[in-house]
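Letters A, B, ... are given to chains in the order of the sequence lines, protein chains preceding strands, and every chain is numbered from 1. The shown structure was predicted, so the numbers you read here are calculated from the model rather than taken from an experiment. Quick note: numbers below take in every heavy atom, side chains included, and nothing from hydrogens, waters or symmetry partners.
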Protein chains: 2
Amino acid sequence: MATGRTHRPATRSRGIPEATVARLPLYLRALTALSERSVPTVSSEELATAAGVNSAKLRKDFSYLGSYGTRGVGYDVEYLVYQISRELGLTQDWPVVIVGIGNLGAALANYGGFASRGFRVAALIDADPAMAGKPVAGLPVRHTDELEAIITDNGVSIGVIATPAGAAQQVCDRLVEAGVTSILNFAPTVLSVPEGVDVRKVDLSIELQILAFHEQRKAGEDAAQTAATPPRVPRTTGGGRKGPDGDVPAVMPA
Amino acid sequence: MATGRTHRPATRSRGIPEATVARLPLYLRALTALSERSVPTVSSEELATAAGVNSAKLRKDFSYLGSYGTRGVGYDVEYLVYQISRELGLTQDWPVVIVGIGNLGAALANYGGFASRGFRVAALIDADPAMAGKPVAGLPVRHTDELEAIITDNGVSIGVIATPAGAAQQVCDRLVEAGVTSILNFAPTVLSVPEGVDVRKVDLSIELQILAFHEQRKAGEDAAQTAATPPRVPRTTGGGRKGPDGDVPAVMPA
DNA sequence: TCCTGTGAAAACTTTCACAGCT
DNA sequence: AGCTGTGAAAGTTTTCACAGGA
């Protein structure tokens, strides 16, 4: 899932598996909570439970980072927090811009989880001139015209796209052109980007569809109309998937 | 990533791999776009490009559903749309409730991608009495007190949690108790649920952290201070990860 | 005694490459 | 001639199970 057009041949930097990288933020969150409760050490079993994984996986994950635990005891919470933060690159400051300040963009701007993890919202950008200057989450919304200047002036390398689907590729192109090399895309579109640019995608409706798939199974556990034989239904059931889709995400720039 | 506490031993229903299920919505989106342009057939190569995967993977994925293509020609767009929709359970109507109507909840309520895919927002629920009755996305917000009644009356089996982290588990418990068996969780917390309930998690800051990891690598490609030797840094670098986290997502119920 | 770190096995996923249908 | 469907190979991720340090 998600690392842009560019296939990343075998970059798996310093050998940390992608699956492990994807779990580090989970561990970090659990550790931060322990740290706040001043818990000094934690076992792989406890931490795994708090993070929602199993302990063997957690230990294997940590083994890619180094030997940071103590046998018979567990892991030093503060030390691990530091190591994981460093590994993820969160010990430095990452200025980000959010483009598309609808409901979703505003939600992101207000999201407390960013600031506390090394991300700083450098600017909020929207195409609607009526939005310009309005404060959202304490920052004045800036107009799209200023996009390039904002990127350059702030040394932004990470951009968040929360525009409608139709605008996403164009915004993406401008971000990349201006120097952004990582993009988090909330618009329901496949973005194409040049080699070297990472894209991750969050799609609100995809997750629901996956749930629906499993939910359907639960329901049809007994009197299943979805029997073994693939129905091979009417070839002309067009009935579906038309209508006013447009696929606009939760943005209301007007 | 993410299917709740319950480990799903080998449920992999009718043998469709989880990785494939996760991509079906992607294909569906690309196919819907083609359908709207009245494109009658599409090759695995074309569709793969539109969906952002490679064609071998796509063909393999489709082979789990059945033989729905025609050699030498490709896939019938309408027919495939129907088959995938049916497989995902989108040919039926799924009433969902959204709990926590802050920015994020409102963004979700306004999200067009739901309605067009068989999901119907049955109700918006918030704990703030001041919100009650206010219309959001054309629906009046209802108070948490009514949660159980709403679930029961509408036969809701899918719930979306967009509350602050602190309220999430409690809301989750009430949803499950009332009969919800699938939960999409936007709160940055690990939810614990009984066997048989599916949880999927979307975490806004985790995706950014993964991007930061890769971004860091790009930067340190040459003059890397992150050399081969694991620094084994000062044991007491506590410096990090404290502060006012709270981990509240983008919700402003007040 | 307890709990980490890790080889080795098992499970899953992706990719290759080509037989076979239209 | 073109494109699907799929075995088999390659790669990745998870899980097991236990040696070995504190």
Side-chain angles (χ1 to χ4, degrees), chain A residues 1-3 7-24 26-27 31 39-77 79-80 83 210 230 232, chain B residues 1-3 7-24 26-27 31 39-77 79-80 83-84 210 230 232 235:
Chain A
M1 197 123 284
T3 309
H7 289 300
R8 176 179 315 291
T11 311
R12 260 238 338 251
S13 341
R14 184 142 50 84
I16 299 182
E18 198 53 38
T20 295
V21 172
R23 279 187 296 266
L24 291 181
L26 243 54
Y27 302 143
L31 284 164
V39 176
T41 61
V42 66
S43 71
S44 64
E45 196 67 57
E46 293 165 326
L47 183 53
T49 302
V53 302
N54 76 38
S55 63
K57 194 186 287 182
L58 177 144
R59 287 200 303 278
K60 184 62 111 182
D61 283 342
F62 286 179
S63 80
Y64 294 116
L65 308 184
S67 290
Y68 293 152
T70 308
R71 292 171 199 231
V73 179
Y75 301 93
D76 180 290
V77 171
Y79 185 56
L80 243 198
Q83 290 299 344
I210 297 171
R232 241 347 176 156
Chain B
M1 196 128 286
T3 309
H7 289 301
R8 176 178 315 291
T11 311
R12 255 231 348 249
S13 338
R14 186 147 43 87
I16 300 182
E18 200 50 40
T20 295
V21 172
R23 279 187 297 266
L24 292 181
L26 243 55
Y27 302 143
L31 284 165
V39 176
T41 61
V42 66
S43 71
S44 63
E45 196 66 59
E46 293 165 326
L47 184 53
T49 302
V53 304
N54 76 37
S55 63
K57 196 186 286 183
L58 176 144
R59 285 200 304 280
K60 183 61 111 183
D61 283 343
F62 286 179
S63 80
Y64 293 116
L65 308 185
S67 291
Y68 292 153
T70 307
R71 290 167 200 233
V73 178
Y75 300 92
D76 181 289
V77 172
Y79 185 56
L80 242 199
Q83 289 300 344
I84 295 179
I210 297 171
R232 243 347 179 152
R235 189 79 187 204

Applying a 4.0 Å non-hydrogen cut-off, can you work out what A:Phe62 is touching in the nucleic acid: base, sugar-phosphate, or nothing? nothing
Shortest non-hydrogen contact between B:Ile84 and B:Leu31, atoms and distance: CD1-CD1, 3.7 Å
Toward the 5' end of DNA chain D, which comes first, A:Asp61 or A:Gly72, by nearest nucleotide? A:Asp61
Out of C:dT4, C:dG5, C:dG7, whichever nucleotide has its closest atom nearest the side chain of A:Lys60: C:dG7
Where the side chain of B:Pro17 is defined as all heavy atoms beyond and including C-beta, which of C:dT14, C:dG5, C:dT13 is the nearest nucleotide? C:dT13
Given C:dT13, C:dC16, D:dT13, identify the nucleotide with an atom nearest to the side chain of B:Ala56. C:dC16
D:dA19, D:dT14, D:dT6: which one has an atom nearest the side-chain heavy atoms of B:Ser63? D:dT6
Listed nucleotide nearest any side-chain atom of B:Glu18, set C:dT13, C:dT4, D:dT14: C:dT13
Which nucleotide, D:dT4, D:dT13, D:dT15, lies nearest any side-chain atom of A:Ala19? D:dT13
Toward the 5' end of DNA chain C, which comes first, B:Thr20 or A:Arg71, by nearest nucleotide? A:Arg71
Please report the interatomic distance OG1(B:Thr41) to CG(B:Leu47), rounded to the nearest 0.5 Å. 11.0 Å
Check B:Asn54 against B:Ala48 and note the closest heavy-atom contact, atom names and distance. C-CB, 3.7 Å
Hey, do the aromatic rings of B:Tyr79 and B:Tyr68 have their centres closer than 6.0 Å? yes
Out of D:dA17, D:dT6, D:dA22, whichever nucleotide has its closest atom nearest the side chain of A:Thr70: D:dA22
